[in-house]
Amino acid sequence: MEDNSVPIPKPIDEVKSAIGIDLGLKSFLVTSTGESVDVQQHYRRTQKHLGFQQKRLARKKPGSINSQKQKQKIACIHQRIGRKRDNFHYNVAHKLVKTYDLIAAEDLNIKGLARTKQALSIYDVAWGNFLTILEAVALRSGVHFVKVNPHGTTIDCSECGTKVPKTLCVRLHQCPKCELELDRDENAAINILYKGLTAVGLTVAAYRRLSGCTPYEVGMPNSDVRMLTLYSQN
């Protein structure tokens with residue numbers, strides 16, 4: 001079936017702007033142009049009030065009318081948290097889709113990440129829900145949306161490709177080879193954009209058109225072409 005209300009994505013060779021986004025807990029997302037969106041923490045902000053309401057429920061007789069009323073009150077709190085989170089996700093998604101023709105994001109293993117000590121924070125930011133919304137909004141707007149493998153995006157230098165291992169507490173990417181200093185999330189976002197452009201088959205000429213700079217090779221494995229700097233607009 002064909003739905004005329006759904007726009008057809010523009011051809012790849014007509015893409016004029018592209019962006020890579022790195023999702024995180026310090027900032028909700030960081031783009032390949034250095035822009036960031038703050039984490040909202042909708043559940044964290046309501047956690048104390050929610051805990052108080054759940055304690056009140058524990059004191060009530062199970063199955064009573066007051067118990068049912070208290071359960072409904074708690075359900076409304078969860079519903080309000082979910083609606084605030086969805087509204088935030090839609091606002092961010094629409095802003096990205098209105099600005100760029102191609103959006104590259106990480107294909108995250110949410111279930112695997114949720115097994116860590118930061119599980120509550122990961123569920124609070126709801127990356128999976130955001131990516132689903134972003135993909136749907138991009139589809140309705142005729143914008144290309146690409147998910148890429150996040151492996152190596154944090155440790156690879158976006159300028160020369162050198163692997164620079166770093167722990168979570170290290171927020172600055174410092175390459176010992178090319179001496180590039182960049183926020184670690186922005187460095188990852190640039191690598192994500194590079195993978196996204198490669199995934200859709202854009203050429204070196206397209207890199208020049210999208211970034212306004214000349215890609216080059218610096219002794220990288222498999223002669224991978226990297227960009228010194230990425231700008232989303234011509």
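Residues take their numbers from the sequence shown, with the count starting at 1. These numbers come from a predicted model, not from an experiment.
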Distance in Å, [X] [atom1] paired with [Y] [atom2], rounded so as to fall on 0.5 Å steps:
X    : Y    : atom1 : atom2 : answer
Y90  : I133 : OH    : CD1   : 4.5 Å
K163 : D156 : NZ    : CG    : 4.0 Å
I190 : D185 : CD1   : CG    : 11.5 Å
Q72  : Q79  : CD    : CD    : 8.5 Å
N129 : Y123 : CG    : OH    : 13.0 Å
I77  : Y43  : CD1   : OH    : 10.5 Å

*Step by step, would you call D22 with R184 a salt bridge (Lys or Arg N to Asp or Glu O under 4.0 Å)?*
CA-CA 10 Å; D22 177 69; R184 65 175 286 161; over 6 Å; no

In terms of hydrophobic clusters joined by side-chain contacts under 4.5 Å, are [X] and [Y] together?
X    : Y    : value
I192 : V200 : yes
V137 : V37  : yes
L29  : Y100 : yes
V30  : Y194 : no

_Candidate list R85, R45, R44, test side chain to side chain donor-acceptor pair (under 3.5 Å), partner D124, passing option_ =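 Testing D124 for a side chain to side chain donor-acceptor pair (under 3.5 Å) against R85, R45, R44 leaves exactly one candidate, R85.
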
In terms of heavy-atom contacts, does [atom1] of [X] have more than 12 from other residues, nucleotides or ligands at under 6.0 Å?
X    : atom1 : answer
R115 : CZ    : no
K69  : NZ    : no
K147 : NZ    : yes

Are [X] and [Y] packed together at the side-chain level, in the sense that at least one heavy-atom pair is separated by less than 4.5 angstrom?
X    : Y    : value
L50  : I74  : yes
I19  : L102 : no
V15  : H144 : yes
Q47  : L120 : yes
L131 : L23  : yes

*May I have all residue pairs that pass ring-ring contact (aromatic ring centres under 6.0 Å, His included) and include part of residues 145-180, sequence neighbours excluded?*
none

Nearest heavy-atom pair of [X] and [Y]: which atoms, and what distance?
X    : Y    : answer
S158 : L182 : OG-CD2, 4.1 Å
L25  : S121 : CD2-O, 3.9 Å
A104 : L193 : CB-CA, 4.2 Å
C175 : T162 : SG-CB, 4.0 Å
S27  : V39  : C-CG2, 3.6 Å
W127 : I110 : CB-CD1, 3.9 Å

Using atom types as modelled and distance alone, determine if a side-chain donor or acceptor of [X] lies under 3.5 Å from a backbone N or O of [Y].
X    : Y    : value
H89  : K84  : no
T116 : L113 : yes
T153 : A188 : no
K16  : D101 : no

*Are the aromatic rings of F28 and F130 close, with centres under 6.0 Å apart?*
yes

*Could you go step by step and tell me if L134 and V97 meet the side-chain contact (heavy atoms from CB on, under 4.5 Å) rule?*
CA-CA 8 Å; L134 179 58; V97 167; 4.2 Å; yes

_Derivation of the side-chain contact (heavy atoms from CB on, under 4.5 Å) call for V164 and Q174_ = CA-CA 8 Å; V164 186; Q174 295 177 304; 5.9 Å; no

Using atom types as modelled, flag every donor-acceptor pair under 3.5 Å from a side chain in residues 52-68 to any protein atom, sequence neighbours excluded.
{"residue": "Q53", "atom": "OE1", "partner": "Q70", "partner atom": "NE2", "Å": "2.7"}
{"residue": "S64", "atom": "OG", "partner": "K61", "partner atom": "O", "Å": "2.7"}
{"residue": "S64", "atom": "OG", "partner": "S67", "partner atom": "N", "Å": "3.2"}

